[in-house]
Amino acid sequence: MPEVRFWLLDVASGEGTVDLWGVAEGGERVVVSFPFMPYFYLVPSRGAGREVGARVEEVERFRLGRPLRCLRIYADDTARAAEDALRRGLGDAYGYDLRRADLFLISTGLRPGSWAVAEAERAGELWGYPAYRATGSVRAEEGRVAAPDLRVVSFNPTYLARRASPRPDRDPVVAISLYDGSSSRTLIGDERSILESFVDYLARADPDVVVSFQGNRVHWDYLSRRARAAGVRFSVGRGGSEPHGSVYGHVSIRGRVNLDVSEFVEEVPEVKLERLEELARYMGMSVPEEAPEDYEVGDLWESDRAALISYSEWRARAALEIFSAISDYVFSLSAITGMPPDHVLTAATGFKVENYLMRFAELEARELIPPRRESAHMTYQGGMVLQPEPGLHHDVAVLDFKSMYPSIIIKYNLSLETVHEDGTIEEGREQGFLPRALERLLEERARARSEAERSPEGSTERRVLEAKQRALKRIANAIYGYTGWSGARWYAPHVAAAITAKGREIISSVISKARGLGLRVIYGDTDSVFVSNDARKIDELLGWISSELGLEVKVEKVYVNVLFTEAKKRYAGVTADGRLDVVGLEAVRGDWSGVAKRAQVEVLEVLLREGSVERAVERAREWIRRVRSGDVPLRDLVIWKQLTKPPEDYEATAAHAIVAKRMREAGWDVRVGDKVGFVVVRGPGRIYERARPYFEVTGDQVDWDYYADKQVAAACARILEAVGVDESRLLAAGGRGLEAFFG
DNA sequence: TGTAGGCAAAATCCATGCGACGT
DNA sequence: ACGTCGCATGGATTTTGCCT
């Protein structure tokens, strides 16, 4: 049997076939077609026959661990066939709402971003690429980790907006920068020739991966529209196809992976603003000092075109470099979930987990896949949070459970089969679907980690295996949350509640034991306990946890000094290795001004490193004085808040919603999910009446008192009040103020 | 196209009460 | 004496973004 081995790039539904795009062993780009008829499962009610479809097989499947005799029914349109069967009362239907290409991957075990072997023969060409027609089966080729050499191209367009944000119905594309990993170029000239050159470039370079920053949200749609208006056929896909909208706002480009690296921001909580500069900086890349902001592009195009073009080329390069840094991770996620690489970052966590579970269900557990339906959201009790002992503490150890919830799920076999609706847990049953699926992930992760360690440092294998390990961990950690998600196919709030209940029970027993051993318990949250750093007693505690609870806890870090306020989930400490850790406080929040955050960090530094309350107070007062005198750059006054819904949907008048509304009226493209930056200016009325888009404000308009009192003083007082300093000492004009006099 | 709940904090909203004022 | 207007006050609600 002739075989073709290829690395799977993309899957597309054809006429009665599924077309697999891949890179063959020799480096040839190929398309392999399989005839494929979708199917679903019917658990027939008694007496129901086989009158439901043309092709029917009898198979054994499981529903929540119970074996069932099922009919596997083949149909072009499984959703319609299943609905028909349901309407006729023939039984319960499963797995009928999967998309064809997804079902194909699930049923064959193929994974995008991995190698495959197909029995297939050469069948001429399809759209100019060597085509193969399946003659037999196709299977995943296990054990081969490294991706082939992929051709990657990144691009960055520049639009010339007449007013505010560029609009595709009005404002032209004036440049597109391209980067192929070694050389940059920028297409300029009249718009038509830019677009034609872009299409031409992609046809010649024929990349497997097209990388952009915000391609899905903005560029593909923008460029498509401009091309249509200019009469340019926008054939950027393989075989000359045009981009088309795919599931949930993602854009598909046939035969290529369309990767929008801006979506990686979701995976990096440290990056608070979805800007290329922020992400690039986080990734350790060099960022131009004077990166222009959106609102400056128009002026720059007139005043310093060369600078703008060089910035645009930087953007294209940065996007590709980010892709290079994350590609192993992306392809690993793709291989684990079975989702195409360009969907993996777009898809929300729950869908990634679910895709993994569906594959596991069909291929290993032979569990039926329940259809997606809207369930009423049920809330349940979560983790336990201790009231901290406020004030400054010295020498504190932080003990952490190693992945507590996954451990609980496996150890107590918590699953849909074993946890009853009333919360009771059935013991002695064989391992449930969730623990099995989870254990498989953890086993694979352990294997990836040990294989990585055996691979030579700096090798491709090691890099790929480490990325795989991270991807597996991410999916494993999300399984608990998935059970409590009302959109899940395997929605199981009672299981989620059982998991957290066990967690609370465990942490409570650890706290009691710690106290019994004479350790001071200062704070705790869900799966962590902060105790006085007594090595002998801690050792004893860890031993007890291991032998009595069968779970692993480790000393995560030791704080030389740590400060707690009255509030839960907010503290700061200096660790044994000299780092300042700030948790939950204003300094780590994205919705406080830079000046308040910096002042707070400095006060913490003085307090925790120098141990001087007086000097910390003085530092706070200096900042407040400075702000009141207006000696702070405007960019440190910007407050960013996310627009979480359309501005008109807000029940309370929120400053950022008002600003967003005004910006929209002025022609800015502010979308739900965007962060809105504003500055508070002087004048009468509420904050929302005095908030302005940050780029419109000048220093003489700023309400410096607002920043002094409500930002800097508030953030500093939060810290100092924990060591007995009253906020009035910060606000008094100088020395001891009237407050001190009147008590 | 939404893993979960627990939590703090700010700004706004809203009911209430009080004093000033006009009739 | 009575109505109401403006304003302060304090509790409830809305909103965001953090923690684990």
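What you see is a predicted model; the values in this text were computed from it and never measured. Every heavy atom of this structure was used, including side-chain atoms; hydrogens, water molecules and symmetry mates were not. First the proteins, then the strands, lettered A, B, ... as listed; each starts at 1.
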J.: Determine the contact category for A:Y688: base if any of its heavy atoms lies under 4.0 Å from a base atom, sugar-phosphate if only primed atoms, P, OP1 or OP2 are that close, otherwise nothing.
T.: sugar-phosphate
J.: Taking side-chain hydrogen bond (donor to acceptor under 3.5 Å, both in side chains) as the definition, give me every residue that meets it alongside A:R359, ordered by chain and number, with sequence neighbours left out.
T.: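 In terms of side-chain hydrogen bond (donor to acceptor under 3.5 Å, both in side chains), with neighbours along the sequence ignored, A:R359 is linked to no residue.
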J.: Parallel, tilted or perpendicular: which one describes the rings of A:Y571 and A:F564, with boundaries at 30° and 60°?
T.: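 Tilted, since the angle between the ring planes falls between 30° and 60°.
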J.: Could you list where the contact with chain A starts and ends along DNA chain B, reading 5' to 3', using a 4.0 Å heavy-atom cut-off?
T.: B:dT1 to B:dC13
J.: Is the phosphate of C:dT16, meaning OP1 or OP2, less than 4.0 Å from a side-chain N or O of A:Y650?
T.: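 Checking A:Y650 against C:dT16: at least one side-chain N or O falls below 4.0 Å of OP1 or OP2.
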J.: So what does A:T565 touch, heavy atoms closer than 4.0 Å: a base, only the sugar-phosphate, or nothing?
T.: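 No contact.
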J.: So what does A:T653 touch, heavy atoms closer than 4.0 Å: a base, only the sugar-phosphate, or nothing?
T.: sugar-phosphate
J.: Apply side-chain hydrogen bond (donor to acceptor under 3.5 Å, both in side chains) to A:R281 and list each qualifying residue two or more places apart in sequence or on a separate chain.
T.: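 None.
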J.: Answer with base, sugar-phosphate or nothing: what part of the nucleic acid does A:R589 contact at a heavy-atom distance below 4.0 Å?
T.: base
J.: When the side chains of residues 636-647 of chain A are checked against the rest of the protein, which donor-acceptor pairs come out under 3.5 Å, sequence neighbours left out?
T.:
from: A:D636; atom 1: OD2; to: A:R598; atom 2: NH1; distance (Å): 3.1
from: A:T644; atom 1: OG1; to: A:Y650; atom 2: OH; distance (Å): 3.2

J.: Using a 4.0 Å heavy-atom cut-off, does A:K272 contact any base of the nucleic acid, only the sugar-phosphate backbone, or nothing at all?
T.: sugar-phosphate
J.: Once you apply a heavy-atom cut-off of 4.0 Å, does A:V353 come out as touching a base, just sugar-phosphate, or nothing?
T.: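 The residue A:V353 makes no contact with any strand.
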J.: Quick one: side-chain hydrogen bond (donor to acceptor under 3.5 Å, both in side chains) partners of A:R445, sequence neighbours excluded?
T.: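 A:R445: side-chain hydrogen bond (donor to acceptor under 3.5 Å, both in side chains) contacts with A:Q469.
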J.: Determine the contact category for A:G487: base if any of its heavy atoms lies under 4.0 Å from a base atom, sugar-phosphate if only primed atoms, P, OP1 or OP2 are that close, otherwise nothing.
T.: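 Nothing, no nucleic acid heavy atom in range.
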J.: Assign A:T379 to base, sugar-phosphate, or nothing according to its heavy-atom contacts below 4.0 angstrom with the strands shown.
T.: sugar-phosphate
J.: Counting any heavy atom closer than 4.0 Å, what does A:H377 reach on the DNA or RNA strands: base, sugar-phosphate only, or nothing?
T.: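 Here A:H377 touches the backbone only, sparing every base.
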J.: Ignoring hydrogens and angles, write down the donor-acceptor pairs under 3.5 Å from the side chains of residues 669-678 of chain A, residues two or more places apart or on other chains.
T.:
from: A:D669; atom 1: OD1; to: A:R671; atom 2: NE; distance (Å): 3.3
from: A:D669; atom 1: OD2; to: A:R671; atom 2: NE; distance (Å): 3.1
from: A:D669; atom 1: OD2; to: A:R671; atom 2: NH2; distance (Å): 3.0
from: A:R671; atom 1: NH1; to: A:R217; atom 2: O; distance (Å): 3.1
from: A:D674; atom 1: OD1; to: A:R217; atom 2: NH2; distance (Å): 2.7
from: A:D674; atom 1: OD2; to: A:R671; atom 2: N; distance (Å): 2.8
from: A:K675; atom 1: NZ; to: A:K272; atom 2: O; distance (Å): 2.9

J.: So among A:R489, A:R373, A:R372, which one has a salt bridge (charged side-chain N to carboxylate O under 4.0 Å, His left out) with A:D97?
T.: A:R489
J.: Does C:dT16 have OP1 or OP2 under 4.0 Å away from a side-chain N or O of A:H656?
T.: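 Yes, because at least one side-chain N or O of A:H656 sits under 4.0 Å from OP1 or OP2 of C:dT16.
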